[in-house]
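In what follows, a structure is listed as structure tokens, so that the remarks can point back to it.
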Amino acid sequence: MHITRRPDILTIMSKKHDQPVHWADIHAQNIIRRRGEKDVYVCASGITPSGTVHIGNFREIISVELITRALKDAGKSVRFIYSWDDYDVFRKVPKNMPDRKLLESCLRKPITLVPDTAGTYENYARANEKPLEDLLPEVGVNPEYIYQAERYRRSFYARQIRTALEHRDQIREYLNEHRSEPLPEDWMPVSVFSSFTDKDTTEVLSWDGAWEITYRCLETGQQETLDLGTASGVKLPWRADWPMRWAYEEVDFEPAGKDHHSQGGSFDTSKRVVEVFGGTAPYSFQYDFIRIKGRGGKISSSSGDVVDLAGVLEIYQPEIVRYLFAGTKPNSEFAVSFDLDVLKIYEDYDTCERIYYGAQEVGEKRRAKESRIYELSQVDRPAQEMPYQIPIRHLCNLIQIHSGDIEQVMASLPALREDQKEKLRRRCICAANWVRLYAPEDFRFSLRSPAETAPEISGPVRTAAASLLPVIEQLDAYDEKQLSEAIYEAAHSAGCEPKELFLGCYQVLIGKDRGPRLANFIKTCGREKILPLFEPYR
RNA sequence: GGGCCGUUAGCUCAGCUGGCAGAGCAGCAGACUCUUAAUCUGCGGGUCGAAGGUUCGAUCCCUUCACGGCUCACCA
């Protein structure tokens, strides 16, 4: 008898295994050691919503989520902040956006002041933010959002901007350490959006040493003097902005992509610049990019369709999306697959689940590791008892047998408990989507309708098919093996090759030469679906 | 030019803080009169990129080199 109940988390993290086995726990331990004991650990993530937020960006979010989970499991309090850098400049029109002309006229404006050309949201930035915000809770991610545009526009960072100006020589020096061309002597660590055009095509002329700054709009030639305490268009450039926020939020952990993490990259300069703001650089690690397999190959294909979280959730259950990321070390590249690999991923996940619940025996080391991956993959806590498992391949068949009617599929499953239905329904939807969108042609079928003209078959094959009728009428009396034998018997007594009969049967059932393993397939479909299809050959 | 990552079975990779080299797939053999990359059983398969060093012991740590990928030095 298998133990299919949830193990105690303390068993997994007990003294016996006080060495953490999972990367998230190792990083969490490092954060605690590096930053010292604190009441609350601040974990930060952030991106610029300058286009559809794709699955590559999601890696950053989920990495932080996994670390916050690990910190919490280590008994710590955590604040997970997510910064929408929506006061960044609109620099390039992505391929998948409508009304490119209008968007092009908005280049150099902050993305929060660019319209949503699809007409759904208040502005362009919001159009990219909101769909993701709506989806994140589904995968168990619930950060505290910070909208940088909103902050900058109400002069929230006036004090910090002044600090940057006061230390502009120091900041310039830090940045110059890694620049091929040094910044000019009169460089100012601010950029200004013109109040005449909203664009950042401006030149800062002077700073009065306190709160006033004067700039010229390059497009209109007009000059204006602003008060930092009330101005809405002044912001820090990225390499000053990022460390400023580390200091302001007292960030303990923030990962970054490899573009930021190279030597001379923005993390490198920021960990110097942050001193100016009286802070220290957070603990960090670098995560690698992710690739796409079985769908274009690039996250953002040239046709303009982007692989985003919604696109991945079409195919993968939320806990399996988490599993993909939790099961891969952040600094290694991996591919999100839409091809046959999908089946393998589901099978791997199910194996991981069985290991967690003790329904599959493995070595102690592997058990500890898989169990932790399983826990981190769950949107909430793992269920008390093991969820209903159904092999994904079989499910794909069931869905096609029932013409995509998921409620029928669920009804056909014996011993399905009420509390298991929600997850299973989700798996059904994903399987149906996969079959429809990505499965190879060989994999797809649909049962013929009795109303259609029955395929022409003749000779011994027809005789054999006819002789199967009594068997199908009594289908419930046969188990799979017996049915299989009956099929061979039918072929033999009619004097045809079993192969021919198989071929004929698939023609009758699904109008193809091949299909799912026949005996099992017929049993699964049941007498009611099969009999009418064979009736014409009586 | 700097940095980071990688190089392990035919393929894809695991091997996380040094202790007899692993998995899946492919291959081979056998079984099922069989079919969604069919299923089951068994088997073979490796100079752990190269050369040094540390160690009782190195795929693992250090140094150098080769090849491959990414990234920074503009902006964000």
Side-chain angles (χ1 to χ4, degrees), chain A residues 19-27 29-30 46-50 85 87-92 108 110-111 148 175-183 191 200 235-242 256-269 285-289 291 293 327-335 337 339-341 343-345 347-348 351 362-363 365-366 368-370 372 391-394 396-397 400 435 439-445 480-481 483-485 487-492 497-499 501-503 505-506 509-510 512-521:
Chain A
Q19 292 302 325
V21 289
H22 193 274
W23 59 262
D25 296 315
I26 293 170
H27 284 302
Q29 206 180 53
N30 289 345
I47 70 156
T48 303
S50 56
D85 297 342
Y87 212 38
D88 287 357
V89 180
F90 188 47
R91 292 185 305 142
K92 219 172 74 186
R108 304 313 306 180
I111 49 183
Q148 298 301 344
L175 298 188
N176 279 344
E177 281 173 21
H178 296 282
R179 291 179 65 94
S180 51
E181 213 175 306
L183 294 160
S191 66
D200 75 340
K235 80 183 281 281
L236 295 172
W238 170 245
R239 282 179 189 244
D241 181 51
W242 200 22
K258 55 210 267 174
D259 48 341
H260 294 300
H261 253 292
S262 277
Q263 190 169 63
S266 54
F267 189 88
D268 222 28
T269 54
F285 61 72
Q286 170 183 314
Y287 57 87
D288 208 323
F289 299 144
R291 290 174 297 126
K293 188 160 170 272
T328 313
K329 277 186 274 190
N331 63 354
S332 57
E333 181 182 290
F334 78 100
S337 299
D339 57 11
L340 282 163
D341 286 358
L343 302 179
K344 172 118 169 57
I345 306 284
E347 285 165 4
D348 288 350
T351 302
V362 290
K365 234 177 162 174
R366 173 147 185 232
K369 183 177 171 174
E370 297 268 358
R372 187 58 179 146
I392 189 75
R393 284 164 204 278
H394 186 227
C396 289
N397 288 341
Q400 297 185 85
V435 169
E441 187 48 41
D442 278 0
F443 212 92
R444 286 185 216 167
F445 65 85
E480 190 183 325
K481 193 169 162 62
L483 177 58
S484 180
E485 280 161 8
I487 293 167
Y488 283 101
E489 177 53 34
H492 287 139
E497 286 297 317
K499 268 222 143 53
L501 178 57
F502 278 105
L503 201 119
C505 286
Y506 286 117
L509 295 173
I510 59 174
K512 298 176 74 164
D513 289 345
R514 298 153 48 92
R517 288 171 72 84
L518 190 59
N520 177 273
F521 184 44

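Chain letters run A, B, ... following the sequence lines, proteins first and then strands; every chain starts at 1. The analysis underlying the following values was restricted to heavy atoms, covering all of them including side chains, and did not include hydrogens, waters or symmetry mates.
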Q. Using the rule for Phe, Tyr, His and the six-membered ring of Trp, do A/H22 and B/C16 stack at under 5.5 Å and under 30°?
A.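 A/H22 ring does not meet the centre or angle cut-off for B/C16; no stack.
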(Q) Tell me if a side-chain donor or acceptor on A/Y506 pairs with a main-chain N or O of A/L518 at a distance below 3.5 Å. (A) yes
Q | Contact state string [nucleotides 69-76 of chain B, B base, S sugar-phosphate only, - no protein heavy atom under 4.0 Å] | A | -SBSSSBB
**Q.** Distance-only polar pair, side chains of A/S266 and A/R239, donor-acceptor under 3.5 Å
**A.** no
Q: Go through the side-chain N and O atoms of A/D88 and A/T48 and say whether any donor and acceptor fall under 3.5 Å apart.
A: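 Side chains of A/D88 and A/T48: pair found under 3.5 Å.
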Q. Of the candidate nucleotides B/A14, B/U33, B/A37, which contains the atom at the shortest distance from the side chain of A/Y488?
A.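 Nearest to the side chain of A/Y488 among the choices is B/U33.
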Can you tell me the Watson-Crick or wobble partner of [N], both distances under 3.5 angstrom?
N     : value
B/G18 : none
B/U12 : B/A23
B/A31 : B/U39
B/C4  : B/G69

Q: Not counting sequence neighbours, which residues clear ring pair (Phe, Tyr, Trp, His ring centres under 6.0 Å) with A/H27? List them please.
A: A/Y283, A/F285
Q: Report yes if the side chains of A/F443 and A/L343 come closer than 4.5 Å at any heavy-atom pair, otherwise no.
A: yes
Q) When the nearest nucleotide of RNA chain B is assigned to A/I26 and to A/P440 on a heavy-atom basis, which residue is associated with the more 5' position? A) A/I26
Q) Mapping A/P498 and A/R393 to their closest nucleotides on RNA chain B, which lands nearer the 5' end? A)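 Checking each residue's closest nucleotide, the 5'-ward one belongs to A/P498.
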Give me the distance, rounded to whole Å, that separates [N] from [M] when you measure between the [atom1] atoms they each carry.
N     : M     : atom1 : answer
B/G69 : B/A51 : C1'   : 24 Å
B/C61 : B/C74 : P     : 34 Å
B/C60 : B/G24 : C1'   : 23 Å

Q: Could I get the full list of salt bridge (Lys or Arg N to Asp or Glu O under 4.0 Å) partners for A/R393, not counting sequence neighbours?
A: A/E347
